[in-house]
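A quick write-up on the structure given underneath.
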Amino acid sequence: MDNRLKLLSVALLVLLAGCTGGAADGGAGGSESVSLAADTGGSAEAEQAGGDDLPQAQQRAVIKNGQIELTVDEFNESRDAVESTAESYGGYVSDSNEYVNRRSGGTYRSGQLVVRVPSEDFSAFITDMKALGEVERVETNSQDVTDQLVDIEARLSNLRAQRDRLRELYESANTTEDVLAVEERLTEVQTEIERLEAQKQSLEDRVALSTVRVSLSERPPGPAQWYDTPVLQAFSESVNGAFVALRALVVAVAYAVPYLVVFGGLLAILGSGVVLAGRAAFRRLTD
C-alpha cells in the first residue's frame with residue numbers, strides 16, 4: 001500500500017511539473033521562457049543551475065555577424081590572404097564559391113568566403129579585411145542571446161529533474177499500464193532535453209565564433225580602344241573582316257536570287273501588259 005501511495009505522489013509531482021512547463025511555454029507565445037518545476041526541490045535545482053551559468057554583465061553572450069565587399073587586384077591572392085588571416089586568429093573558412101565572369105571580351109573572377117573567427121577577434125579581422133582591397137560595403141550586426149541561454153539552461157534543469165523522477169517512478173511501477181505511461185512521458189522529456197541541448201550548443205557555437213562573409217571581385221575589364229590594337233592583329237582582323245563581308249554579300253545574293261526570279265518575272269509580265277495596252281490605246285487615238 002505504501003508503494004502505491006509513493007507511486008501516486010511521484011506521478012502527481014511529475015504531472016504538475018509537466019503542466020507548469022507547458023503553461024510557461026504557451027504563455028510566452030513560442031519564445032524561450034523559463035519553465036520551473038512545481039516542487040521545491042526542482043525549483044532550487046533550476047535556480048542553482050541558472051545561477052552557475054548566468055553570465056555577468058560584462059560577459060554577455062553576443063552573436064556577431066559581418067559582411068564586407070571588396071574590389072581586389074587579383075582574386076586568388078586575396079582569397080589566400082583571407083584564409084591565412086582567418087587561420088592566424090584561430091578561425092577557418094566554412095564555405096566558399098568562385099565565379100569567372102565575362103565582359104567586353106575579357107574575364108574577371110569574383111566569389112565569396114564565409115569565415116568563422118573567434119568573437120573577441122571580430123573587429124580586428126574586419127580591419128584586416130579592409131586592407132586587402134577597395135572597400136565597397138561593410139555591414140556588422142550583433143544579437144544578445146544571454147537571456148535565451150539562461151532560459152534554456154533553467155528549462156533543461158527542470159526537465160532533467162523530471163527525467164530523474166520519472167526514472168524512479170519507472171522502477172517503482174508494478175503494472176504494464178503504469179510502465180507504458182511512464183515510459184511514454186520519459187521519452188517525451190528526453191526528446192525535449194535533446195532538442196534544448198542542441199539549441200543551446202548552436203547558440204554557444206555562434207557566440208564563440210563570429211561569422212563574416214567576405215565578397216571579393218576583381219575589377220571588370222573596360223572596353224578596349226581601337227587604336228590600342230597591335231598592327232599585325234589589326235591587319236589580320238581587317239582581312240578577316242573583308243572575307244566576312246564578301247561572304248555575307250554572296251549569301252545575301254543567294255537569298256535574293258529566288259525572289260528576284262519570281263518577282264522579276266511577274267513584274268516583266270505586268271510591264272509587257274501595260275506596254276501593249278498603252279500601244280493599243282495610242283492607236284485608237286491616232287485612228
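For residues 246-264, the set of pairs meeting the side chain to side chain donor-acceptor pair (under 3.5 Å) definition, not counting sequence neighbours, is empty. Listed by first and then second residue, the salt bridge (charged side-chain N to carboxylate O under 4.0 Å, His left out) pairs involving residues 68-78 are Glu69-Arg137, Asp73-Arg219 (not counting sequence neighbours).
Hydrophobic clustering of Ile, Leu, Val, Met, Phe, Trp and Tyr side chains at less than 4.5 Å, counting indirect connections, keeps Leu169 apart from Leu180. Ile193 and Leu166 fall within the same hydrophobic cluster, defined by Ile, Leu, Val, Met, Phe, Trp and Tyr side-chain heavy atoms under 4.5 Å apart, directly or through other members. Hydrophobic clustering (side-chain heavy atoms under 4.5 Å, transitive across Ile, Leu, Val, Met, Phe, Trp, Tyr) keeps Val214 apart from Tyr99. Transitive grouping of hydrophobic side chains (ILVMFWY, heavy atoms separated by less than 4.5 Å) keeps Leu149 and Leu209 in distinct clusters. The hydrophobic cluster containing Val145 also contains Leu156, counting ILVMFWY residues as joined when their side-chain heavy atoms lie under 4.5 angstrom apart, directly or transitively.
Taking each heavy atom of Val179 and Ala173 in turn, the nearest pair found is CG2-CB, 3.7 Å. Residues Tyr108 and Ser217 approach most closely at CE1-OG, 3.9 Å, considering heavy atoms. Heavy atoms only, all atoms of each residue included: Leu196 and Arg155 are closest at CD1-CB, 3.9 Å.
Side chain of Asn97 to main chain of Gln112: a donor-acceptor pair is present (N/O by atom type, distance under 3.5 Å, no hydrogens or angles). Distance alone, capped at 3.5 Å, places no donor-acceptor pair between the Ser110 side chain and the Leu216 backbone. Within the 3.5 Å criterion, the main-chain N or O of Arg109 finds a donor-acceptor partner in the side chain of Glu218. Without hydrogens or angle criteria, Arg116 side chain to Tyr92 main chain gives no donor-acceptor distance under 3.5 Å. For Ser94 (side chain) and Val114 (main-chain N/O), a donor-acceptor pair under 3.5 Å exists by modelled atom type. A side-chain donor-acceptor contact under 3.5 Å links Ser84 to the backbone of Ala81. A side-chain donor-acceptor contact under 3.5 Å links Thr146 to the backbone of Ala61.
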Take Glu194 and Gln190 through the test side-chain hydrogen bond (donor to acceptor under 3.5 Å, both in side chains) and record every step on the way to the result.
CA-CA 6 Å; Glu194 292 174 358; Gln190 182 61 36; 3.2 Å; yes
Go through Ser202 and Asp205 one step at a time and tell me if the side-chain hydrogen bond (donor to acceptor under 3.5 Å, both in side chains) criterion holds.
CA-CA 5 Å; Ser202 175; Asp205 178 64; over 6 Å; no
Would you check, one step at a time, whether the test side-chain contact (heavy atoms from CB on, under 4.5 Å) holds for Thr140 with Asn65?
CA-CA 6 Å; Thr140 61; Asn65 295 308; over 6 Å; no
Would you sort out whether Ser119 and Ser210 count as a side-chain hydrogen bond (donor to acceptor under 3.5 Å, both in side chains), showing the intermediate values?
CA-CA 5 Å; Ser119 294; Ser210 298; 3.2 Å; yes
Give the intermediate values and the outcome of side-chain contact (heavy atoms from CB on, under 4.5 Å) for residues Gln201 and Arg206.
CA-CA 9 Å; Gln201 182 60 46; Arg206 292 167 62 193; over 6 Å; no
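Inter-residue side-chain proximity for Arg60 and Asp147 is flagged as met; some heavy-atom pair is nearer than 4.5 Å. Side-chain contact check for Gln199 versus Ile152: some heavy-atom pair is nearer than 4.5 Å. Looking at heavy atoms from C-beta onward, Asn76 lies in side-chain contact with Glu98 at the 4.5 angstrom threshold. Under the 4.5 Å side-chain criterion, counting only non-hydrogen atoms from C-beta, Val62 is not in contact with Val207. Considering only heavy atoms from C-beta on, Leu113 comes within 4.5 Å of Glu83 through its side chain. Side-chain contact between Leu186 and Arg167 is present, with heavy atoms from C-beta onward closer than 4.5 Å.
Annotation: Arg213, atom CZ; neighbour count of heavy atoms from other residues, nucleotides and ligands within 6.0 Å does not exceed 12.
In summary, Glu188 and Arg185 engage in a salt bridge, as defined by a charged side-chain N under 4.0 Å from a carboxylate O. Contact check on Glu192 versus Arg195 returns a salt bridge, with a Lys/Arg side-chain nitrogen under 4.0 Å from an Asp/Glu carboxylate oxygen.
Ile68 CD1 to Met129 CE: the interatomic distance, rounded to the nearest 0.5 Å, is 7.5 Å. The OH atom of Tyr170 sits 4.5 Å away from the CD atom of Glu183 when rounded to the nearest 0.5 Å. Between the CD1 atom in Ile63 and the OG1 atom in Thr211 there is a gap of 8.5 Å [rounded to 0.5 Å]. The distance from the CZ atom of Phe125 to the OG atom of Ser88 is 8.5 Å, given to the nearest 0.5 Å. Once rounded to the nearest 0.5 Å, the distance linking CZ of Arg102 with OG1 of Thr107 reads 6.5 Å. With values rounded to the nearest 0.5 angstrom, Leu159 atom CG is found 9.5 Å from Glu197 atom CD.
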